[in-house]
Amino acid sequence: MDTEFIATAIKSNFPQAIIDSNTFRNELTLTIKKEFIVQVARFLKEDKELHFNFLSDLCGVDRVEADGIFEVVYHLYSIDKNHRVRLKVPIPSNELSIPTVTDIWRTANWHERETYDMFGITFTGHPDLRKILTPEDFEGYPLRKDYPIDGRQPPALYGTYRKGKE
Amino acid sequence: MESSATTTHLMTINMGPQHPSTHGVLRLLLELDGEMIIKATPHIGFLHRGVEKLAEYRTYHQCIPLTDRLDYVAPFSNNLAYALTVEKLLGIDIPERAQHIRVLLCELTRIASHLLWLATHALDIGAMTVFFYCFREREAIYDIFEMVSGARLHLSYIRIGGVAKELPGGFLEKTRKFVAEFPARLKEYETLLTDNPIWKKRTVGVGIISAEDAIDYGLSGPSLRGSGVNWDIRKADPYSCYDKYHFAVPLGENGDVYDRYRVRIEEMRQSNSIVHQAINILPKGDIIASIPNVTLPPKEDVETKMEAMIHHFKLIIQGIRPPKGEVYASIEAPKGELGFYIISDGSSNPYRLKIRPPSFVNLEALPKMVEGRLLPDVVATIGSLDIVLGEIDR
C-alpha cells in the first residue's frame with residue numbers, strides 16, 4: 001500500500017495543521033492540531049483520490065504522565081481505494097475537549113461516547129454525549145492511567161456490582 | 001374512553017436486558033405509537049468487564065485468554081486478530097503451516113458462529129426446527145475444537161508466532177467428514193427457510209439500510225455486504241495466506257434482513273470450501289516460529305530440557321518486549337471488522353490496547369433500521385445484525 005501520497009496530499013492542503021507524520025510497520029500516522037481536525041477529516045472523506053469513507057475506530061489514549069496530554073486517535077479506511085491512515089490529535093490534559101466528527105462519519109457517535117466515558121474527553125457538538133459502558137453513578141474515568149485496577153466504587157453502586165454486600 | 005386511533009399516545013417500553021431475543025444483555029428503550037416504533041435507544045454496558053484496562057496490566061501472552069471472552073462464539077477469530085497485531089508490532093514471520101492451521105480453524109469458527117446466528121435468529125422469528133439442526137452441526141465443530149485445544153468455548157489455541165500445539169491425530173479425518181456432510185445440511189436449512197413464505201414475510205423488506213448509510217454507520221462484515229458493499233478484509237488485505245484460497249464474497253442487494261440471511265448462508269458454504277482447501281493444502285513444517293525472546297519453546301522440550309524450561313519460565317515471567325510503536329491490525333471476523341490497536345512503550349505490557357469490536361459498531365445502526373417499523377421487526381433486525389454482547393461491552 002502506498003501511503004506516501006496520502007501524507008503529501010494532506011501536507012500540501014493543510015501545511016499548518018500537521019505536527020508530525022511517521023510510518024511504522026507500513027502504517028501512516030499523522031499528528032494533527034486540534035483546531036484542524038474537522039477540516040482535515042472532511043477533506044479526507046470528500047477528496048476523490050483519498051476518499052476515506054469508513055471510520056474504523058476512534059479512541060482515546062492517556063499520555064498525561066509522560067507528556068501532559070491525552071490523545072484522540074482516528075483510524076480511517078477507504079473501502080473503494082483500500083488504504084488506511086491514522087490521525088492523532090493531542091489535547092492538553094487541562095482542557096479536555098475536541099470538536100466532534102459525527103457530522104462526517106455517523107459511526108463516530110458511539111466511539112466518541114465511549115471515549116468520553118473512559119477518559120472524560122468531551123466532544124463539542126456531539127448530538128448525544130452520554131456515558132455508554134459504565135453505569136450512571138460510576139465515578140471516575142476507568143481507562144485513565146491514574147484510575148486503579150482494583151478498588152471499590154461508591155456505595156451508590158453496591159446494588160449494581162455486589163448485591164446485598166457492604 | 002375515546003377511540004385511541006386518532007389520538008397520539010406514545011408508550012415507552014423496555015425491551016431487555018432479560019429478553020430472549022436481545023441475544024445477551026442488551027436493553028432497548030422503545031418509544032411506541034401503537035405497534036410502530038418512533039424511537040429506539042440501545043443501552044449497553046451490562047457486561048462491561050474492563051478488558052482494555054485489564055490488558056494494560058498483563059503481558060502480551062496473558063492477553064490471549066482475555067480475547068477469548070470478547071466474541072465468545074468465535075474465540076478463534078479474536079485470538080487471531082490479537083496475535084496478528086502483536087506479530088505486526090514485533091515484525092515477525094509465521095511458519096506457513098501455522099498460517100494454514102489458523103485459516104482452517106478460523107473458517108470452522110465462522111461456520112460455528114454463523115450456525116449459532118442462524119439457530120437463534122430463526123428461533124426468534126418462530127422457526128424452531130432450524131435451531132435443533134444448527135446446534136447439531138455446531139456440536140460437531142465444537143468436538144473438533146475440543147480435540148484441538150482441549151476446550152470448547154475459550155480455545156486460546158493461538159500463540160504469538162504460531163499456534164499452541166500440533167493438530168492431534170484423527171483431526172483431519174474428523175474435519176474431512178464434517179466438510180463432506182455440511183453442504184447437504186446447509187441445503188436442509190435452506191429448504192426450511194429460503195423460500196418459506198412465513199420466513200420471507202418476516203424478513204424481506206425489513207430492517208433496510210442502504211449502502212451509503214451502512215458505510216456511514218461503520219457497518220462491516222455480512223451486515224455491510226447485505227447492502228451490496230463489496231468489502232471483505234480477507235480479499236482486500238489478505239492475512240494468514242488467505243490469498244492462496246479461492247472463495248467468493250457473497251453480496252446482497254436490498255440491505256434487508258433477508259439479504260443478510262442469504263449472505264451468511266452463502267458465507268458458510270464458502271467457508272466450508274475454504275476448510276476443504278486448507279485440509280488439502282496444509283504443508284508440513286513448524287507450527288510456531290522460533291524466535292528466542294518471543295515464542296515459547298515446544299512443550300516436550302520444556303518437560304525434558306533444563307535450558308528450555310528456563311527459557312519458558314523467563315518468557316512467561318518477564319513477557320515479550322516489543323519495540324516502541326503502535327500498530328492496528330484487523331481481520332474479517334464472523335461479525336465484521338475486528339481490529340486491535342496496540343501502543344507499546346517498549347515494556348512487557350501493552351501501554352494501550354484498543355479493541356474495535358464489529359458488534360459494537362453494527363448495533364449502533366439498529367435505531368436507523370427499526371425506526372418507523374413495527375415492534376416484531378426489531379426482533380428480526382437484531383437477529384440479522386448478529387451481535388454478541390461480550391464484545392460490545394468488553
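Sequence lines set the chain letters: A, B, ... in the order given, protein chains first and strands last, and positions in each chain run from 1. Reckoned from all heavy atoms, side chains included, excluding hydrogens, waters and symmetry mates.
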For each of Ala66(A), Ala108(A), Cys59(A), tally heavy-atom pairs with chain B at distances under 4.5 Å, and name the one with the top tally.
-> Cys59(A)
Which atoms of Leu219(B) come close to chain A, meaning under 4.5 Å heavy atom to heavy atom: side chain ones, backbone ones, both, or neither?
-> backbone
Contacting moiety of Glu56(B), where chain A heavy atoms sit under 4.5 Å = side chain
Within the distance-only criterion (no hydrogens, no angle test), does the side chain of Glu326(B) pair as donor or acceptor with the backbone N or O of Tyr341(B) below 3.5 angstrom?
-> no
Tell me, side chain or backbone of Arg63(A) under 4.5 Å from chain B's heavy atoms, or both, or neither?
-> both
Can you say whether Asn22(A) sits under 4.5 Å from chain B via the side chain, the backbone, both, or neither, judging by heavy atoms?
-> neither
Side chain / backbone / both / neither for Leu90(B) at chain A, heavy atoms under 4.5 Å = backbone
Hey, does the side chain of Thr122(A) reach the backbone of Leu96(A) with a donor-acceptor pair shorter than 3.5 angstrom?
-> yes
The interface call for Lys235(B) against chain A, heavy-atom contacts under 4.5 Å, is neither
Residue, of Leu89(B), Leu54(B), Asp393(B), that accumulates the most heavy atom pairs under 4.5 Å with chain A | Leu89(B)
For the pair Glu71(A) and Arg352(B), find out whether any cationic side-chain nitrogen is under 4.0 Å from an anionic carboxylate oxygen.
-> no
Heavy-atom contact with chain B under 4.5 Å, split by part of Lys131(A) | neither
Heavy-atom pairs under 4.5 Å with chain A are the metric here; pick the option from Leu363(B), Asn230(B), Ile392(B) that has the most.
-> Leu363(B)
With a 4.5 angstrom heavy-atom cut-off, which part of Tyr328(B) approaches chain A: side chain, backbone, both or neither?
-> both
Apply side-chain contact (heavy atoms from CB on, under 4.5 Å) to Asp71(B) and Ser359(B), showing your working.
-> CA-CA 9 Å; Asp71(B) 175 0; Ser359(B) 297; 5.7 Å; no
With no hydrogens and no angle check, do the side chains of Ser56(A) and Arg84(A) hold a donor and an acceptor under 3.5 Å apart?
-> yes
Is the Lys NZ or Arg CZ of Lys145(A) less than 6.0 Å from the centre of Tyr351(B)'s six-membered ring, within 45° of the axis?
-> yes
Could you label the plane-to-plane angle of the Tyr82(B) and Phe340(B) rings as parallel, tilted or perpendicular, counting under 30° as parallel and over 60° as perpendicular?
-> perpendicular
Chain A contact via Lys354(B) - which portion, at a heavy-atom distance below 4.5 Å | side chain
Which region of Leu47(B), side chain (C-beta onward) or backbone (N, CA, C, O), has a non-hydrogen atom less than 4.5 Å from a non-hydrogen atom of chain A, or is it both or neither?
-> neither
Is the shortest side-chain N to carboxylate O distance from Arg394(B) to Glu114(A) below 4.0 Å?
-> yes
Picking from Arg86(A), Arg130(A), His111(A), Met118(A), which has the most non-hydrogen pairs under 4.5 angstrom with chain B?
-> Arg86(A)
Does Asp146(A) pair with Arg144(A) as a salt bridge, N-O distance under 4.0 Å?
-> no
Determine the option with the most heavy-atom pairs under 4.5 angstrom with chain B, choosing from Phe24(A), Trp105(A), Trp110(A).
-> Trp110(A)
Do Arg106(A) and Asp213(B) meet the salt-bridge criterion of a basic N to acidic O distance under 4.0 Å?
-> yes
Check the angle between the aromatic planes of His83(A) and Phe5(A) and answer parallel, tilted or perpendicular using the 30° and 60° thresholds.
-> tilted
Heavy-atom proximity to chain B below 4.5 Å, by part of Tyr77(A) = side chain
Could you tell me which portion of Val361(B) (side chain, backbone, both or neither) has an atom closer than 4.5 angstrom to a non-hydrogen atom of chain A?
-> side chain
Identify which part of Glu337(B) has an atom lying under 4.5 Å from any heavy atom of chain A, answering side chain, backbone, both or neither.
-> side chain
